[in-house]
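Along the sequence shown, the residues carry numbers beginning at 1. Atoms within a ligand are numbered from 1 in the order they appear, just like the ligands themselves.
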Amino acid sequence: MKTHYRNCNICEALCGLEIKYEGDKIHSIKGDANDPFSKGHICPKALALQDTFEDSDRLMQPLKKTPEGHVAISWEEAYDLIIDKIKGIQQTHGHDAVATYLGNPNAHMFSNQLFLPFFLRSLRTKNRYSASSVDQLPHHVAAKYMFGHSLVLPVPDIDRTEFLLVIGGNPMVSNGSMMTAPNVAQRLKNIQKRGGKIVVVDPRKTETAKKADQHIFIRPGTDALLLLSLINTVFAEEKVNLNHLADNVLGLDTIKAAVQKYTPEYAAKITGIPAETIKMLAREMAASDKAICYSRMGASTQEFGGVCLWLTNVLNILTGNFDCEGGVMFPMPAFDPAMMSSTKGKPARPMQYSRVRKLPRFYGEFPVATLADEIETPGEGQIRALFTIAGNPVLSTPNGQRLEKAIESLDFHVSIDIYKNETNQYADVILPAATGLEIAQYDIAFNNLAVRNVVKYSPPLMETRGDIKQDWEILATLTERISGQSLSGQTPEKILSMGLSMGKYGAEGLTLEKLKEEFPHGMDLGPLAPCIKERIQTDESKIQLAHDFFLDDLTRLDDRYQVSETEFPFQLIGRRVLRQHNTWTHNSPRLSKGKNDCTLMIHPEDAKAIDLENGGTVQIKSRVGAIQVAAEVTTDMMPGVVCLPQGFGSRKQSGMTVAAERGGVSINDLTDEMRLDTLTGNAALNGVGVSLQTVDA
Ligand SMILES: Nc1nc2c(c(=O)[nH]1)N[C@H]1C(S)=C(S)[C@@H](COP(=O)(O)OP(=O)(O)OC[C@H]3O[C@@H](n4cnc5c(=O)[nH]c(N)nc54)[C@H](O)[C@@H]3O)O[C@H]1N2
Ligand SMILES: Nc1nc2c(c(=O)[nH]1)N[C@H]1C(S)=C(S)[C@@H](COP(=O)(O)OP(=O)(O)OC[C@H]3O[C@@H](n4cnc5c(=O)[nH]c(N)nc54)[C@H](O)[C@@H]3O)O[C@H]1N2
Ligand code: SF4
Ligand SMILES: [Mo]
C-alpha cells in the first residue's frame, strides 16, 4: 500500500488529502493531518474524487454524433473532424462564428488555466463566455475599478477578525467562496471563541445563519440599499477611519455626497431591515478595528451585483478594516496571476458590447446570459459553433431550456468533459478528459483567494483509464492545429515553474522542484499581511472609492424600486447542498443517496395561503418556464421568498445514470436570462419573480 498527498480540487477550500492506494485501486481518502492549511479536515464531497475515477459512466473515448447516436472514434479522427469544421465555419462566417464556454472546473485545474489562453487566442473569436458571469464577475469588476486589476481581490482575514458580517454567503455549506479557508466551520467557531461576533444577512435562515450570533432577513436583491445606508451611517455618525490608507484613497467627498440620501430609514422600507438594526451594524463595523464585511453569491448574482461588491469594499475601507489584520487583505500568492498579467494603464471600462443585447464585455468575455441570443439571432457575427470546456450551461445558466434548444441548433458543437451531460448530449464531438486524481494539482486561482498564503504541488496519482487525455493536452493539440503554430513543447509544469521563480517567494528560493521534493503536504507562507502598495495597479496607484461607473448605476437602483412584479408575487432564490457540487457530482452513488434535497423551501404562512402541505407538490412558474417539485415548509424562509437548490435537474438523455435516476428539477428552468446586473453583465439568478400553485395529489 502506498500513500499520496494532494489537495482536493472540487471546491475552493483546498483540503489536503491523504490517499492510500495500491496500483489503480484506491483504499481510502482521508484528510491529511500534516497539511499546514487544512490540518486534516475534509468534507463528504472528497469522495467524489474516487467515485468519478471509478465511475463506469465516465467518457472513455472520443465520441462522434451520428444519426444512430454517439459512436466512439479515434483521437485522430476527432481532431481532423474538429479542425476541418471549425476552419470551414470561420472561413465562411468569420472568426466570431465560433464561441467558447468555460465551466467552473477550469478554475480548479492549473493546467487548464495555463493552456486555455493559448487555445482562446488561436480561435481569434471575441465570442467567449464562462461561468464567471453566473457567479463572481462583480467581484472582478469592482477590483479592477478600485484596485486596478480584476485579480487583486480582498480576502477576509477570518482567523484574526472580531466581527464578521456575511451578506449572501453560506460558508457552512459552500465551505467558503472567494475566501479559501479549509474547515471554515472551525474558523467561524474560533471567531466566537475569541469573543467575536458573526452576523448573517440572508433571505433564508441558512446553516451559517444558525451558527451565527445574529441573523437578519433581507428582501432579495436589495443589498445595495443596505450597504448604501451602512455607509451613510458611518458618515452621518462621523465614524470614518481610513487608518493607514488616508493618503491612498481617492473620492472620499464624492462617496459622502452620493450616499447622503440613502438613510437607514429609507433603506428599511426596501430591504425589510429595521433602521435601528442597520445603524447598529454600521456602528459595530466601525467600532472594531478587526471587522469584515464579506459579500458573496447572494450579493453578486443579483440585479445590482456590481454596486454591491463595490460598496462592500468601500465599507471595509471607510471603517478602517482594509489591508489590516482581522479585516480584509490581499493575498500574496507564490504564482501571482495579477503580477504576471499586469493591466496597469488598461482602462477598466468595457471596450466592447455584445452584438444583440449590447451587454458589456469584461476581461474578454460576454455575459453567458446572452449566449442564446447570439446563437439564435441571424446576421454577421452569429455564433454557429461552440466549444464547451468543463461546463454544463444548460443546467447552470439562466433559462437553460432556451439555451438547450439554441445549442441543439448549432452547426457544430464540441465538448471537452468527463461525462455526457445535459449540454453536450447533442454535441457533434465529445472529447473525454482526465480529472481529479488523474491530473497534477496546483492552485493558481485559490492561492490568490486564500486566508493564508499557501502553496502545494502534487503530481498525478492515477494513470487515466480508457482512451482519455488531459484537458491541457487536448487544448495544446487543438491550439497547434488551429493556429498552425507550435507551442514548442510547453507543459503546465514548465510555465508554473517559470511563474514561481518570477514571484515574491521565487526570489527567496522557492522552486517547483523544492515544492515537489520537500513539501508534499504543502507549504505555509504565513498569514496575510498588509501589502497595499505592492498590489494596487490603478493609474494613480491609489484606491478609487468613487468611480462614475458605479455612481451612475445608482440611478438605475433608484428607479428599480418604483416597480413591483405583481404577476409573480414570490421571489425565488437558490441554495447549495452539502453533498453535491454544482451539476456534476450527482453521479456519485455515495453522495446522491439519502433524503431528497431538491425541494422548494417555503414559509408556513405562504404555504397556508396556497393550501400547500409539507411534502405536497407545488408548481412554480416564472416568465420563462414552469416546474413541479415537492415543498418543504419551514420558518427558515423569509415570508414571500422561496428557495430551490442549484445543480439539480439531470436529464434522462445525459450519460449520468445515477443522477438521471435521482432526477430533481433545474432551478435554471425558471431563472430569467433577461434579468441581469446590466452594469457588469452578471446574471441575476436570485430574486426571480415566481407564482406558486399547489398541485392536487
Ligand atoms: N440558479 C443558479 N444557477 C447557478 C448557480 C446558482 O447558485 N444558482 N451557481 C453558479 C455557479 S457559482 C457556478 S460556478 C456555475 C457552474 O456552472 P458550470 O461550470 O457550467 O457547471 P458545472 O456543474 O460546474 O459543470 C462542470 C462540467 O465540467 C465537467 N468536469 C468536471 N471535472 C472536469 C475535468 O476535470 N475536465 C473536464 N473537461 N470536465 C470536467 C463536469 O462533468 C460538468 O459537466 O453554475 C452557476 N449556476
Ligand atoms: N456543497 C457545495 N459547496 C460548494 C458548491 C456546491 O455546489 N456545493 N459550489 C461552489 C461554488 S461554484 C461557489 S461559487 C460557492 C458559492 O458559495 P456561497 O456564496 O457561500 O454559496 P451559496 O449557497 O450560493 O450562498 C448564497 C447565499 O445567498 C443567499 N441569497 C440569495 N439571494 C440573496 C440576496 O438577494 N441577498 C442576500 N443577502 N442573500 C441572498 C442565499 O440564501 C444563500 O444562502 O460554493 C462552492 N461550494
Ligand atoms: S471542502 Fe471542498 S476541498 Fe475540502 S474536501 Fe470538501 S470538496 Fe474537497
Ligand atoms: Mo461558482
For the residue pair D55 / Y419, report whether a side-chain donor-acceptor contact shorter than 3.5 Å exists. yes

Can a donor-acceptor pair be found between the side chains of S654 and N421 at a distance below 3.5 Å? no

Closest non-hydrogen protein atom to [atom], residue and atom name please, with distance?
| atom | value |
| --- | --- |
| atom 45 (O) of ligand 2 | S174 CB, 3.2 Å |
| atom 2 (Fe) of ligand 3 | C11 SG, 2.3 Å |
| atom 3 (N) of ligand 1 | N668 ND2, 3.0 Å |
| atom 25 (O) of ligand 2 | N170 N, 3.6 Å |
| atom 47 (N) of ligand 1 | S396 O, 2.6 Å |
| atom 4 (Fe) of ligand 3 | C15 SG, 2.3 Å |
| atom 1 (S) of ligand 3 | N175 ND2, 3.3 Å |
| atom 32 (N) of ligand 1 | T435 OG1, 3.4 Å |
| atom 43 (C) of ligand 2 | D202 OD2, 3.4 Å |
| atom 38 (N) of ligand 1 | D471 OD1, 2.8 Å |
| atom 36 (N) of ligand 2 | D223 OD1, 2.8 Å |

Applying a heavy-atom cut-off of 4.0 Å, say which part of R579 lies close to ligand 2: side chain, backbone, both or neither. neither

Of all the atoms in ligand 1, which lie at a distance below 4.0 Å from a heavy atom belonging to [X]?
| X | result |
| --- | --- |
| Y419 | 42 (O) |
| G103 | 19 (O) |
| P393 | 20 (O) |

Under a 4.0 Å N-O cut-off, is there an ion pair linking [X] with [Y]?
| X | Y | answer |
| --- | --- | --- |
| R579 | D597 | no |
| D135 | R296 | yes |
| R556 | D677 | yes |

Judged by non-hydrogen atoms, does T222 sit under 4.0 Å from ligand 2? no

When you measure from the heavy atoms of V201 to every atom of ligand 2, does any distance fall below 4.0 Å? yes

State if [X] counts as touching ligand 1 under the rule of any non-hydrogen atom under 4.0 Å.
| X | answer |
| --- | --- |
| R576 | yes |
| G574 | no |
| A434 | yes |

Aromatic ring pairing H586/F648, orientation class (parallel under 30°, perpendicular over 60°, tilted between): perpendicular

Plane angle bin for F110 and Y457 - parallel if under 30°, tilted between 30 and 60°, otherwise perpendicular: perpendicular

Got an N/O contact under 3.5 Å between [X] and ligand 1?
| X | answer |
| --- | --- |
| T583 | yes |
| D417 | yes |
| T671 | no |

Going by the order shown, which atoms of ligand 3 are within less than 4.0 Å of some heavy atom of [X]?
| X | result |
| --- | --- |
| C8 | 3 (S), 5 (S), 7 (S), 8 (Fe) |
| K45 | 7 (S) |
| L14 | 3 (S) |
| A46 | 5 (S) |

Under 3.5 Å donor-acceptor, H4 side chain and P460 backbone: no

Within the stated cut-off of 2.8 Å, is an N/O/S atom of C43 closer than that to atom 4 (Fe) of ligand 3? no

